[in-house]
Asks: 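Below is the structure I would like to discuss, written out as structure tokens.
All chains are named by letter (A, B, ...) in the order of the sequence lines, taking the proteins before the strands, and each is independently numbered beginning at 1.
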Amino acid sequence: MLHIDHVIGDRSEPAMHKRLHHLEHHGTVDVVTIPLADMARHRLRIVTPAGEDLAIALPRDEKLFDGAVLLIDDARAIVVRAEVERWLRLQPATIADAIELGYHAGNLHWRVRFDGECLLVALEGPADAYYARLEGLLADRTIETTIVTGDLAA
Amino acid sequence: MLELSSRKVSGASQASAARIGVGGPVGSGKTALIERLIPVLRGRGVDLAVVTNDLVTKEDAERLRRSGLIDPARVLAVEAGACPHTVIREDPTLNMAAGDDLEASFPGLELIIFESGGDNLASTFSLDLVDWWMFVIDVAGGDDIPRKKGPGVLKSDLLVVNKTDLAPYVGVDLEGMLTEANAVRAGKPVLATNARRGEGVEAVADMICRAVLFHA
């Protein structure tokens, strides 16, 4: 078990990027993909693709992020890749539909973002489960729905 | 150049205590399960404390303080004053502060258990507050609870089905209930307990120790 008690750095930092680039040539950068549901945790166990059993315990004021470097030395590195976040983009045609949609999203405690006239709902499970909750609303209204990934949702 | 910024260890970090949540409907046996977990975890050498949540009283905290299972100073109470989920999810500040107070009072603390007030099946914990959480339901609440797929049932790290001894008296097919619970949770663990008699509690403790205390 490898205990990680803090994030060393960000892979996008120039100096870190250079060191990682060097290790990548030797195939020794172990990129561990962390499910979205686990990214907010301060403690978790996860096994990397190279088979390292990580026991991550971060201080309360630190969080994981995409590109977080958990370990680096002359021989290898371990870097976090955050699972791509998916969002359900809902575009109501009328103000009345928008109000009702907002009411439902709040009542269901969904995590949302706003993009102009669209409501973006973070998908933390199968999209069908979200459609099912909106069945009555979607059946007889004009609400356009699309699923987008994190970058497009920004 | 050698810059090993992490280390091989077999135990938990000393940086801060692990924090876990225990949620579930009113009367499902959350406090009873904690009463059973305390001696089991302490028996494994875990240095722990508890934060209870009640609506407008300190009932659960007083119960634990009187139990003789734990130093009363290691039990703090948060009064939600509103729906219990508001202080474990929407704004867990009061609970986070209680956890910080316990860590300041008891250096070396390894585990803090946050017990939610009894709530409904939509109750979940913020990961700003806890690192891992379980949801406790009981057979007397009805064997249709797993089928109802509430967020507490689906999203918790561990689902506990408590009061297994009552199944024959309330017309519940326990095996069927557990099968459905496993089906809706898609691989996430489900454990059956009878907290009153301590059955299944060691298995719950095993999961806590592995998930957040990093015992092998």
Side-chain angles (χ1 to χ4, degrees), chain A residues 1-9 15-16 18-19 22-23 30 34-48 52-64 68-79 106-111 124-126 128-130 132-133, chain B residues 1-21 83 85-86 89-90 92 96-97 99-100 103 110-112 120 122-133 149-152 154-157 184-186 188 207-216:
Chain A
M1 187 189 311
L2 179 64
H3 194 125
I4 304 290
D5 56 18
H6 68 286
V7 173
I8 297 168
M16 189 64 80
K18 189 176 175 185
R19 292 181 68 188
H22 174 73
L23 290 170
D30 196 4
I34 297 188
L36 273 173
D38 291 335
M39 284 298 289
R41 293 183 198 271
H42 292 91
R43 276 179 185 249
L44 78 151
R45 295 258 316 247
I46 191 163
V47 177
T48 71
E52 190 74 72
D53 181 9
L54 299 181
I56 301 171
L58 302 180
R60 295 281 151 203
D61 58 353
E62 260 186 43
K63 280 195 171 182
L64 294 171
V69 179
L70 303 180
L71 176 145
I72 189 163
D73 59 29
D74 281 350
R76 64 171 178 153
I78 298 176
V79 179
N107 198 35
L108 290 161
H109 301 289
W110 284 345
R111 190 158 52 87
E124 296 174 349
D128 284 348
Y130 289 77
R133 299 281 70 75
Chain B
M1 177 172 59
L2 182 66
E3 184 185 316
L4 262 179
S5 297
S6 298
R7 61 188 190 281
K8 295 262 186 189
V9 295
S10 57
S13 167
Q14 297 302 305
S16 67
R19 299 182 179 191
I20 66 168
C83 295
H85 59 78
T86 57
R89 185 178 58 207
E90 280 80 8
M96 291 165 76
D100 292 346
E103 287 199 51
E110 293 175 282
L111 178 69
I112 304 174
N120 58 40
S123 177
T124 58
F125 278 85
S126 164
L127 292 179
D128 285 329
L129 173 63
V130 299
D131 305 305
W132 182 96
W133 58 284
K149 296 182 180 177
L154 297 182
K155 293 186 176 181
S156 54
D157 295 299
V184 300
R185 283 175 55 78
K188 286 185 170 183
M207 288 222 172
I208 295 167
C209 288
R210 189 188 184 286
V212 296
L213 298 176
F214 306 144
H215 298 177

Asks: Using atom types as modelled, flag every donor-acceptor pair under 3.5 Å from a side chain in residues 123-130 of chain B to any protein atom, sequence neighbours excluded.
Replies:
from     : atom 1 : to       : atom 2 : distance (Å)
B:Thr124 : OG1    : B:Arg89  : NH1    : 2.9
B:Ser126 : OG     : B:Asp128 : N      : 2.9
B:Asp128 : OD1    : A:Lys63  : NZ     : 2.8

Asks: Counting only heavy atoms closer than 4.5 Å, note whether A:Leu44 contacts chain B via side chain, backbone, both or neither.
Replies: backbone
Asks: Heavy-atom distance under 4.5 Å to chain A: side chain of B:Lys155, backbone, both or neither?
Replies: side chain
Asks: Is any side-chain heavy atom of A:Ile4 closer than 4.5 Å to one of A:Glu52?
Replies: no
Asks: Examine whether an atom of B:Asp100 lies under 4.5 Å from a heavy atom of chain A, and if so say whether it belongs to the side chain, the backbone or both; otherwise answer neither.
Replies: neither
Asks: Contact part of A:Ala75 toward chain B, heavy-atom cut-off under 4.5 Å: side chain, backbone, both or neither?
Replies: neither
Asks: Considering only heavy atoms and a distance below 4.5 Å, find which of A:Ala55, A:Ala37, A:Ala40 pairs most often with chain B.
Replies: A:Ala55
Asks: Contact part of A:Ile78 toward chain B, heavy-atom cut-off under 4.5 Å: side chain, backbone, both or neither?
Replies: neither
Asks: Can you name the nearest heavy-atom pair linking A:Ile8 to A:Leu71, along with the distance?
Replies: CD1-CA, 3.4 Å
Asks: Under the 3.5 angstrom rule, does the side chain of A:Arg76 hit a backbone N or O of A:Asp30 as a donor-acceptor pair?
Replies: no
Asks: Holding to ring-ring contact (aromatic ring centres under 6.0 Å, His included), I want the full list of residues that pass it with B:His85, two or more places apart in sequence or in another chain.
Replies: A:His109
Asks: B:Ala18 versus chain A, heavy atoms under 4.5 Å apart: side chain, backbone, both or neither?
Replies: both
Asks: Below 4.0 angstrom, N of the basic side chain to O of the carboxylate: do B:Asp131 and A:Arg60 qualify?
Replies: yes
